> 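Before we start, here is the structure in question, set down as structure tokens.
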Amino acid sequence: MFKEKILQNTILVGVCICYILSCLLPAFSTKGSVWPGYGCLISGWIYIAGEIWLFLVWLSNMILFFSVLRNRKNGKKTLWASAFAFLMSVSFRFRTTIILDIDCVIEDFKIGYYLWCLSMAGMFVYNLLLYVQKKREEGT
């Protein structure tokens, strides 16, 4: 039990560190510009008026925050939410263009994007461990 708590807390700290670093580092590059993670975080909500899929990818950030804040209360809901957030974050990798001023071709994904995906994956693993632990406690 104590070892599980240490593992869970270590994963949660890792998730937070990866997410903060992903906001500080470049996320992707287009022709002539490099987008930092915080730029994507700040401007991503704009896509609600345009491409709903890009808005859902951005919504993964809010789901991550929800999962961190509500992790011990709703095991099943946060597990599914973090799985959705992880899948949406990975799905952005298959994107070739993004609407900025005009359609820009994404040339390269940078370390910030991969750290963002890693934070989403870490949150899923964290919620999975909590869910398994909760089920094990209910069974005994």
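Hydrogens, waters and symmetry mates play no part in the numbers below; they use all other heavy atoms, side chains included. Note that the structure is a prediction, hence the values are computed from the model and not measured.
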> Mind checking whether Val132 and Arg136 have side chains closer than 4.5 Å, heavy atoms only?
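They are in side-chain contact.
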
> Salt bridge or not for Lys134 and Glu137, using N-O below 4.0 Å?
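Looking at Glu137 together with Lys134, the answer is no, because their closest N to O distance does not fall below 4.0 Å.
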
> Taking ILVMFWY side chains as joined if any heavy atoms are under 4.5 angstrom apart, and letting links pass through other members, which residues group with Leu24?
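Direct or chained contacts put Leu24 with Ile20.
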
> Are Leu7 and Val125 in one and the same hydrophobic cluster, where Ile, Leu, Val, Met, Phe, Trp and Tyr link if side-chain heavy atoms are under 4.5 Å apart?
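Both belong to a single hydrophobic cluster.
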
> Would you check if Met88 and Met120 make a side-chain contact, meaning some heavy-atom pair closer than 4.5 Å?
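Answer no - side chains too far apart.
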
> Give the table of side-chain donor-acceptor pairs shorter than 3.5 Å for residues 55-66, with sequence neighbours excluded, one pair per line with atom names and distance.
from, atom 1, to, atom 2, distance (Å)
Trp58, NE1, Leu41, O, 2.8
Ser60, OG, Val57, O, 3.1
Ser60, OG, Ala85, O, 3.3
Asn61, OD1, Tyr19, OH, 2.8
Asn61, OD1, Trp116, NE1, 2.8
Asn61, ND2, Trp58, O, 2.9

> Can you find a heavy atom in the side chain of Ser33 that is under 4.5 Å from one in the side chain of Trp35?
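They are in side-chain contact.
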
> Going only through I, L, V, M, F, W and Y residues with side-chain contacts under 4.5 Å, is there a path from Val15 to Phe84?
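Yes, Val15 and Phe84 fall within the same hydrophobic cluster.
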
> With a 4.5 Å limit on heavy-atom distance, are the side chains of Glu107 and Thr30 in contact?
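In short, these two side chains do not touch, never coming nearer than 4.5 Å.
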
> Under a 4.5 Å cut-off applied to non-hydrogen side-chain atoms, are Leu130 and Gln8 in contact?
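Answer yes - side chains close enough.
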
> Between Tyr114 and Phe109, how do the two ring planes meet: parallel, tilted or perpendicular, split at 30° and 60°?
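Tyr114 and Phe109: perpendicular rings.
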
> Out of curiosity, Leu118 CG to Phe86 CZ, how far, rounded to the nearest 0.5 Å?
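Nearest 0.5 Å value for the CG-CZ distance: 9.0 Å.
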
> Can you get from Leu21 to Ile111 by hopping between Ile, Leu, Val, Met, Phe, Trp and Tyr side chains that sit under 4.5 Å apart?
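Linked within one cluster.
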
> Taking the side chain as everything from C-beta on, heavy atoms only, tell me whether Thr78 gets closer than 4.5 Å to Met123.
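Result no, sub-4.5 Å side-chain heavy-atom pair not found.
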
> Check whether any side-chain heavy atom of Phe124 sits under 4.5 Å from a side-chain heavy atom of Leu79, and report yes or no.
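In short, these two side chains touch, coming nearer than 4.5 Å.
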
> Keeping the roles fixed (side chain from Tyr113, backbone from Arg93), state whether a donor-acceptor pair exists under 3.5 Å.
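Yes; at least one donor-acceptor contact below 3.5 Å.
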
> Can Ser29 and Asp108 be counted as having a side-chain donor-acceptor contact under 3.5 angstrom?
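Short answer, no.
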
> Flag the pair Ser67 / Ser82 as yes when at least one side-chain heavy-atom distance between them is below 4.5 Å, and no otherwise.
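Yes; the side chains approach each other to less than 4.5 Å.
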
